[in-house]
Amino acid sequence: MTRFDIITVLPELLESPLSYSIMQRAKNKGLLEVHLHSLREYATGKHRQVDDYQFGGGAGMVLKPEPIAACIGKLMSERDYDAIIYTTPDGKVLDQQTCNQLSMKGNIMVLCGHYKGVDERIREKYITMEISIGDYVLSGGELAAAVLVDAVGRLIPGVLNDETSALFDSFQDDLLAPPVYTRPAEWEGMKVPEVLLSGHEKLINEWRYEQSAARTRVRRPDLWEKNTDQP
Ligand code: ADE
């Protein structure tokens with residue numbers, strides 16, 4: 001079982017993406033828990049202010065340290081965390097290997113960045129891992145957190161019906177996935193490759209590997225370089 005505690009100024013943004021399909025099934029099976037924590041509830045004062053201007057000037061607001069520390073402190077007093085992640089464009093770019101590792105953890109806390117980010121002292125004091133989902137800037141870390149929970153959640157042992165199906169995902173062996181087909185066997189004059197209709201498992205596996213390898217070489221030479229199977 002993996003438990004995610006997500007700290008955010010916009011919990012509404014995370015509710016829907018994590019409530020359908022495989023994520024909902026994982027929750028129903030008791031394999032995944034996602035708890036959303038609204039940062040505003042930890043802010044004090046009349047306006048429950050969660051952000052403030054940045055020292056030194058410049059556009060954009062920065063998340064204040066005190067409400068975040070109050071929320072993280074409360075969660076840490078309740079259980080131990082294996083990782084305290086901050087979603088930010090300057091983090092390590094998320095990959096399948098990191099998702100595999102996180103899917104074996106028990107308790108994961110995720111702090112969503114927002115506006116210009118969080119006060120640097122929060123990162124220094126609490127954060128154990130900083131994750132970006134790619135080299136582009138989102139308006140907040142919430143969608144990145146949703147991507148993270150989805151990518152990790154489906155890898156938690158027992159979540160996928162067919163236990164082997166994650167093994168053939170793109171990236172599991174630093175290879176892109178092969179093309180897939182379904183019925184009809186001929187559509188608009190285009191035929192499904194003969195070998196897939198042959199029922200010959202060994203030949204099918206060989207064909208899939210060749211397709212994966214060819215795709216990876218052409219589309220992602222960087223991944224292909226990493227691939228230890230290459231001749
Ligand atoms: N917050 C804003 N952009 C982001 C990104 N690319 N990854 C993670 N968090 C973000």
Side-chain angles (χ1 to χ4, degrees), residues 2-20 22-23 32 34-43 49-69 71-72 75 81-105 107-156 169-171 174 176 219-220 222-223:
T2 301
R3 173 187 171 117
F4 281 93
D5 285 282
I6 306 181
I7 305 170
T8 166
V9 290
L10 275 175
E12 300 82 4
L13 200 50
L14 279 155
E15 270 156 22
S16 166
L18 301 174
S19 301
Y20 294 94
I22 291 172
M23 292 306 106
L32 171 70
V34 181
H35 299 265
L36 303 174
H37 305 276
S38 172
L39 197 54
R40 208 163 291 279
E41 286 173 21
Y42 294 85
Q49 191 183 349
V50 292
D51 58 350
D52 209 338
Y53 295 102
Q54 58 176 312
F55 278 123
M61 304 293 272
V62 174
L63 289 177
K64 290 164 64 61
E66 305 95 318
I68 298 173
C71 184
I72 292 180
L75 291 172
Y81 284 89
D82 300 301
I84 304 183
I85 298 172
Y86 175 53
T87 53
T88 173
D90 62 10
K92 177 178 178 282
V93 177
L94 186 64
D95 60 15
Q96 195 67 14
Q97 191 192 346
T98 306
C99 293
N100 283 330
Q101 285 162 358
L102 289 173
S103 73
M104 311 305 269
K105 307 265 187 225
N107 298 323
I108 301 173
M109 201 190 302
V110 183
L111 171 63
C112 301
H114 216 69
Y115 313 113
K116 273 282 160 201
V118 302
D119 188 289
E120 188 65 21
R121 292 165 291 185
I122 288 292
R123 295 170 76 160
E124 274 173 33
K125 186 169 161 96
Y126 297 110
I127 301 301
T128 63
M129 198 176 201
E130 302 189 321
I131 286 182
S132 162
I133 61 161
D135 291 342
Y136 42 83
V137 178
L138 303 164
S139 49
E142 285 75 17
L143 296 180
V147 166
L148 176 71
V149 174
D150 186 295
V152 172
R154 61 190 290 285
L155 296 174
I156 298 167
D169 286 346
S170 281
F171 308 116
D174 289 327
L176 300 181
R219 298 182 185 194
R220 292 292 303 274
D222 58 315
L223 273 188

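Numbering of residues begins at 1 and proceeds along the displayed sequence. Any value given below was found using the heavy atoms of this structure, including those in side chains, with hydrogens, waters and symmetry copies removed. First listed ligand is number 1; within each ligand, the first listed atom is number 1.
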Please tell me if the side chains of Val50 and His114 come closer than 4.5 Å, counting only heavy atoms from C-beta onward. no
Could you tell me if the side chain of Arg154 sits less than 4.5 Å from the side chain of Met23, heavy atoms only? yes
Residue-ligand contact Gly91/ligand 1, heavy atom below 4.0 Å: no
Can you list the ligand 1 atoms lying under 4.0 Å from a non-hydrogen atom of Val137? 3 (N)
So which protein heavy atom does [atom] come closest to, and at what separation?
atom                    : value
atom 7 (N) of ligand 1  : Ile133 N, 3.0 Å
atom 6 (N) of ligand 1  : Tyr136 O, 2.8 Å
atom 10 (C) of ligand 1 : Pro89 CD, 3.5 Å
atom 3 (N) of ligand 1  : Leu138 N, 2.9 Å

What verdict does the side chain to side chain contact (heavy atoms under 4.5 Å, CB included) test give for Val149 and Ile6, after you've listed the backbone C-alpha separation in whole Å, the side-chain angles of each residue and the deciding distance to 0.1 Å? CA-CA 10 Å; Val149 174; Ile6 306 181; 3.8 Å; yes
Scan side-chain atoms only and decide if Thr98 and Asp95 contain a donor-acceptor pair under the 3.5 Å cut-off. yes
Hey, is Thr88 touching ligand 1 through its side chain, its backbone, both or neither, going by heavy atoms under 4.0 Å? backbone
Between Ala144 and ligand 1, find which residue part has any heavy-atom pair under 4.0 Å and reply side chain, backbone, both or neither. side chain
I'd like to know if the side chain of Asp119 and the backbone of Lys64 have a donor-acceptor N/O pair within less than 3.5 Å. no
Considering all heavy atoms, the nearest Cys112-Leu63 contact: O-CD1, 3.9 Å
Contact (N/O only, under 3.5 Å) between Gly134 and ligand 1: yes
Taking distance alone, with N or O pairs closer than 3.5 Å, would you say Ile131 contacts ligand 1? no
Only one of Thr8, Ile122, Thr87 forms a side-chain contact (heavy atoms from CB on, under 4.5 Å) with Leu111, so which one is it? Ile122
